[in-house]
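Worksheet for the structure shown next.
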Amino acid sequence: MKTSDFDYFLPPELIAQHPPAERTDARMMIVNRSSGTIEHGSVSDLTRILKAGDILVANDTKVIPSRLFGTKTGSSGRVEVLLLEEIEPGKWTALCRMSGRMRPGIRFELAGGKIGASVLAVNAGGEVVLAVECGGNFQE
């Protein structure tokens with residue numbers, strides 16, 4: 001399986017920029033596994049939908065604005081990096097998109113040269129481990 005198998009177009013106007021004023025107004029996709037139907041609802045519909053014995057999976061992950069663009073050091077090759085998780089200070093798992101084969105030792109200049117990154121490892125499934133250097137506060 002390749003990470004590119006999960007690429008899809010999502011129109012910008014469908015990407016939530018802020019949570020709704022009332023959390024119960026948050027949108028939710030409802031999949032009926034027995035019939036295969038898909039319904040669009042809101043969190044306030046949970047009391048109508050859930051039955052005894054059902055399982056509710058809540059995703060409480062936090063998303064940071066972590067998509068970075070840049071170039072491969074020493075070339076004009078463009079690169080896109082999506083940081084997934086900070087393993088330890090300055091070391092991240094990420095998904096990277098660039099022309100050519102991803103391999104340890106490749107360096108990137110990201111965010112207009114404000115951030116440098118080196119590929120430490122390429123894991124199964126397309127994830128990479130990056131060493132990330134920044135002259136200032138990385139989160140800013």
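Keep in mind that this is a model prediction, so the values were computed, not measured. Side-chain atoms are counted along with the backbone in the values below, which use heavy atoms only and exclude waters and symmetry mates.
Taken together through direct or relayed side-chain contacts under 4.5 Å among Ile, Leu, Val, Met, Phe, Trp and Tyr, V43 and I30 form part of one hydrophobic cluster. Residue L82 is not grouped with residue I87 when hydrophobic side chains (ILVMFWY) are merged at heavy-atom distances under 4.5 angstrom, including chains of intermediate members. Hydrophobic clustering (ILVMFWY, side-chain heavy atoms < 4.5 Å, transitive): V81 and V129 are in distinct clusters. Residues M28 and I38 do not share a hydrophobic cluster, defined by chaining ILVMFWY side chains whose heavy atoms lie under 4.5 Å apart. Linking Ile, Leu, Val, Met, Phe, Trp and Tyr residues whenever their side-chain heavy atoms come within less than 4.5 Å leaves L84 and F69 in two separate clusters.
Between atom OG1 of residue T93 and atom CG of residue L120 there is a gap of 11.5 Å, rounded to the nearest 0.5 Å. Taking CE of M29 as the reference point, atom NE2 of H40 lies at 7.0 Å (rounded to 0.5 Å). To the nearest 0.5 angstrom, R67 atom CZ is 7.0 Å from R97 atom CZ. Within the model, atoms OG of S42 and CZ of R27 stand 10.5 Å from one another, a figure rounded to the nearest 0.5 Å. Here the straight-line distance linking atom CZ of R78 with atom OG of S75 works out to 12.0 Å at 0.5 Å rounding. With rounding to the nearest 0.5 Å, the separation of CD in E39 from CG in D45 is 6.5 Å.
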L130 and V119: side chain to side chain contact (heavy atoms under 4.5 Å, CB included), yes or no, with the steps? CA-CA 5 Å; L130 296 177; V119 178; 3.8 Å; yes

Is there a side chain to side chain contact (heavy atoms under 4.5 Å, CB included) between R107 and E133? Walk through the geometry before answering. CA-CA 11 Å; R107 290 193 46 79; E133 311 96 36; 3.4 Å; yes

Pair C96-I106, side chain to side chain contact (heavy atoms under 4.5 Å, CB included): steps then yes or no: CA-CA 11 Å; C96 296; I106 292 177; over 6 Å; no

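Other residues, nucleotides and ligands contribute at most 12 non-hydrogen atoms within 6.0 Å of the CZ atom of R103.
Annotation for E127 and L95: closest pair CG-CD2, 3.9 Å, computed over non-hydrogen atoms. Across I115 and A111, no two heavy atoms sit closer than the pair CD1-CB, 4.1 Å. Here the closest heavy-atom approach between residue P104 and residue A121 is recorded as CG-CA, 4.2 Å. Of all the heavy atoms in M98 and R101, the pair that sits closest is CE-O, 3.7 Å. F108 approaches K72 most closely through the heavy-atom pair CD2-CA, 4.2 Å.
Counting only heavy atoms from C-beta outward, the side chains of L68 and V79 never approach each other to under 4.5 Å.
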